[in-house]
Amino acid sequence: MAEVIVKRAGKLQGLLAMPGDKSISHRAALISLLCDEKIEIKNFADGADCGNSLRAVEMLGGGVEQDGQTVRLTPPESGIKSPTDPIDCGNSGTTMRLLSGILAGSGVEARVVGDESLMSRPMKRIVDPLRQMNSDIQASEEGVAPLDIRPGSVISIDYIMPIASAQIKSCLLLAGLASGTKVTVREKLLTRDHTERMINFLGGKVAVEDIVPQIIPDPDDPRKKKKVLATDEYKRTVSITPEGRLNGGVIDVPGDISTAAYFIAAAMIVPGSHLILHNVGVNPTRNAFLNVARQMGGEIKIKNRRELSGEPVADIEVTYGPLKPRKISGAMIPNLIDEIPILAVLAASMKGTTIIRDAEELRHKESDRIRAVVDNLGAMGIKIGEFPDGFAIEGTGEINGAEIDSFNDHRIAMAFAVAGLAGHGKTVIGNSEAAAVSCPNFYTMLEGLRLK
Ligand code: S3P
């Protein structure tokens with residue numbers, strides 16, 4: 001149970017390259033099972049989570065060669081084979097949910113398990129639609145793993161997602177891809193679109209259609225115009241029409257915007273700081289943190305926009321400046337869901353009240369992140385009120401160093417290590433090793449930014 005001590009910092013300065021994006025790395029690893037030729041992944045995420053996806057690929061007959069952050073994957077020669085042992089997804093919800101789609105669509109028999117946290121996370125959200133596709137998949141009575149999948153052939157589905165989740169969407173798209181069945185997923189709120197982009201990058205066919213409002217004369221007052229939507233049940237339709245296996249190729253993974261968020265926030269709360277982060281993913285379904293941080297007054301410049309393996313990337317320059325609160329709620333939530341713990345730390349470090357709502361999903365992540373933020377910010381002397389779906393944070397501009405519990409959750413450990421940089425005295429992160437799930441070198445990278 002390693003502890004890390006973080007002391008209040010003076011200026012932070014540096015030039016950093018971010019580890020590969022976790023969401024994209026998982027997808028590249030798992031999708032290799034459905035390709036015709038080898039996949040080479042560059043800048044593969046180095047955390048424990050994506051290692052779980054690689055092990056799953058191996059257990060299903062895929063070839064895995066790893067050389068630092070380069071991974072070469074050979075698809076199983078005669079299709080995915082049923083594993084003899086349960087597949088252990090560790091702490092990784094993305095591995096479990098995306099893999100289950102592939103397994104359900106591949107007609108194999110498999111059991112999927114995870115660590116204590118993952119075995120308590122909701123799986124009914126994928127089991128229900130997969131069963132609508134005729135898959136023989138079973139969760140426990142409580143709707144959690146182990147998941148048992150038996151051979152069977154799946155049928156097409158047209159599904160309006162009741163929860164805004166890229167993991168559900170991706171699970172179903174991959175079930176369609178693996179089985180050669182058309183799948184349509186309709187989203188009420190837009191979620192990250194890495195699966196769609198990667199399938200298209202590898203020669204597959206995912207169509208994305210947005211509901212665009214029509215402007216018509218207002219029947220009550222013909223001098224005015226009115227916006228009408230064809231439906232308010234969903235905003236985007238995503239459909240896959242599979243045509244055999246995908247091509248192989250090279251996937252260069254952009255730096256992880258979710259990891260970049262901790263460093264950006266650190267520079268925003270430590271006076272005099274200036275950082276440049278290279279090669280960060282700025283996909284519009286993942287970049288709301290940058291927009292909110294700017295609206296809070298963060299001096300953030302996005303430079304050298306370019307495309308990498310079907311994903312937009314850029315370099316990000318952050319300079320310390322005064323901050324002010326803003327409300328965070330509604331349609332932007334799925335776009336910054338993983339960044340809410342660090343946004344809470346930003347809120348605590350500025351004067352004024354920040355309200356974060358519509359984020360009930362935080363209760364179902366690697367820990368109950370609403371509880372974890374409330375407890376830890378409370379320990380740092382911040383007044384914070386808890387809602388079922390968020391919190392209200394009353395910042396005074398002062399944070400006290402404190403003993404922090406990571407709740408064995410990487411994002412909580414990293415967010416509060418950043419808080420420690422602005423805290424008076426010292427902050428002790430308990431169970432600090434949780435950070436290795438997405439960024440094994442996190443504390444060294446953070447400490448390396450102190451001006452010597
Ligand atoms: C992820 C989607 C999000 C996110 C998770 C990674 C993905 O989860 O919180 O860290 O890679 O698809 P949900 O889709 O369940 O919201």
Side-chain angles (χ1 to χ4, degrees), residues 19-31 44-45 47-50 52-53 56 89-102 114 117-118 120-129 143-145 159 161-174 185 187-199 236 238 253-254 256-262 281 283 285-289 311 331-343 358-370 372 389 409-415 434-435 437-439:
D21 185 271
K22 196 155 80 75
S23 288
I24 298 174
S25 298
H26 277 301
R27 284 157 174 78
L30 296 171
I31 284 176
F44 188 76
D49 250 20
C50 291
N52 290 316
S53 283
C89 304
N91 193 242
S92 173
T94 309
T95 306
M96 185 172 277
R97 297 196 178 111
L98 271 55
L99 182 68
S100 297
I102 294 179
S117 146
L118 184 54
S120 66
R121 292 179 63 187
M123 292 299 146
K124 212 169 142 10
R125 54 181 63 195
I126 56 160
V127 169
D128 286 350
V144 297
Y159 189 63
M161 272 202 303
I163 305 165
S165 162
Q167 293 183 352
I168 303 176
K169 173 177 64 176
S170 303
C171 167
L172 301 181
L173 293 175
L174 293 175
V185 181
E187 297 191 284
K188 293 178 186 176
L189 297 178
L190 305 192
T191 66
R192 62 192 70 187
D193 65 359
H194 305 304
T195 305
E196 297 88 306
R197 284 173 184 266
M198 191 172 294
I199 292 174
R236 176 172 278 185
V238 181
V253 181
D256 198 320
I257 177 81
S258 297
T259 305
Y262 302 102
N283 178 316
T285 59
R286 284 284 295 285
N287 67 0
F289 169 81
E311 289 279 349
M332 75 173 78
I333 292 292
N335 192 315
L336 47 63
I337 189 78
D338 293 337
E339 288 70 74
I340 291 180
I342 189 62
L343 280 166
D358 303 322
E360 203 267 337
E361 271 296 299
L362 288 180
R363 300 224 181 252
H364 309 294
K365 296 294 177 189
E366 287 83 329
S367 69
D368 174 345
R369 288 185 177 156
I370 295 180
D389 62 347
D409 181 335
H410 57 130
R411 301 214 186 276
I412 299 300
M414 294 189 282
V437 156
S438 58
C439 190

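Count residues from 1 along the sequence. For ligands, and for the atoms within them, numbers begin at 1 and follow the listed sequence. Treat the numbers as computed from the prediction; the structure is a model and nothing was measured.
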> I'd like to know if the side chain of Lys22 reaches the main chain of Asp49, judged simply by a donor and an acceptor atom lying under 3.5 Å from each other, with no hydrogens or angles considered.
no

> In Å and rounded to the nearest 0.5 Å, what is the CZ to CD1 distance from Arg411 to Ile337?
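If I round to the nearest 0.5 Å, the distance is 11.0 Å.
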
> Testing the 3.5 Å rule here: is there a donor-acceptor pair between the side chains of Ser165 and Arg125?
no

> If you have a sec, work out which protein heavy atom is nearest atom 1 (C) of ligand 1 and how many Å separate them, to one decimal?
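That would be Gln167 NE2, 3.5 Å.
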
> If we set the cut-off at 4.0 Å for heavy atoms, which region of Arg27 has an atom near ligand 1: side chain, backbone, both, or neither?
side chain

> Please work out whether any backbone atom (N, CA, C, O) or any side-chain heavy atom from C-beta onward of Lys365 is under 4.0 Å from ligand 1, and answer side chain, backbone, both or neither.
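Contact part for Lys365 vs ligand 1: side chain (C-beta onward).
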
> Please classify the Arg192 to ligand 1 contact at 4.0 Å (heavy-atom distances, strictly less than): side chain, backbone, both or neither.
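Side chain only.
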
> Identify the closest protein heavy atom to atom 15 (O) of ligand 1: which residue and atom is it, and at what distance?
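It is Ser165 OG, 3.2 Å.
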
> I need the atoms of ligand 1 closer than 4.0 Å to a non-hydrogen atom of Ile337, numbered in the order shown.
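Contacts of ligand 1 toward Ile337, numbered from 1: 9 (O).
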
> Can you check whether Ser117's main-chain N or O pairs, donor with acceptor, with Arg121's side chain at less than 3.5 Å?
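The answer is no, because no donor-acceptor pair under 3.5 Å joins these two groups.
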
> Check for a donor-acceptor pair, side chain of Asp193 on one end and backbone N or O of Glu196 on the other, with a separation under 3.5 Å.
no

> Measure the shortest side-chain to side-chain distance between Asn283 and Arg197 over non-hydrogen atoms and say whether it is less than 4.5 angstrom.
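With C-beta onward as the side chain, the pair touches.
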
> Establish, from distance only, whether the side-chain atoms of His194 and Ser23 form a donor-acceptor pair under 3.5 Å.
no

> Would you say Ala166 and ligand 1 have an N/O pair spaced under 3.5 Å apart?
yes

> Look at atom 4 (C) of ligand 1 and say which protein heavy atom is nearest, naming residue and atom and giving the distance to 0.1 Å.
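Answer for atom 4 (C) of ligand 1: Asp338 OD2, 3.3 Å.
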
> Just need the protein heavy atom nearest to atom 11 (O) of ligand 1, so name the residue and atom and give the distance.
Ser23 OG, 2.7 Å

> At a 4.0 Å cut-off, with the gap strictly under it, does some heavy atom of Thr191 reach an atom of ligand 1?
no

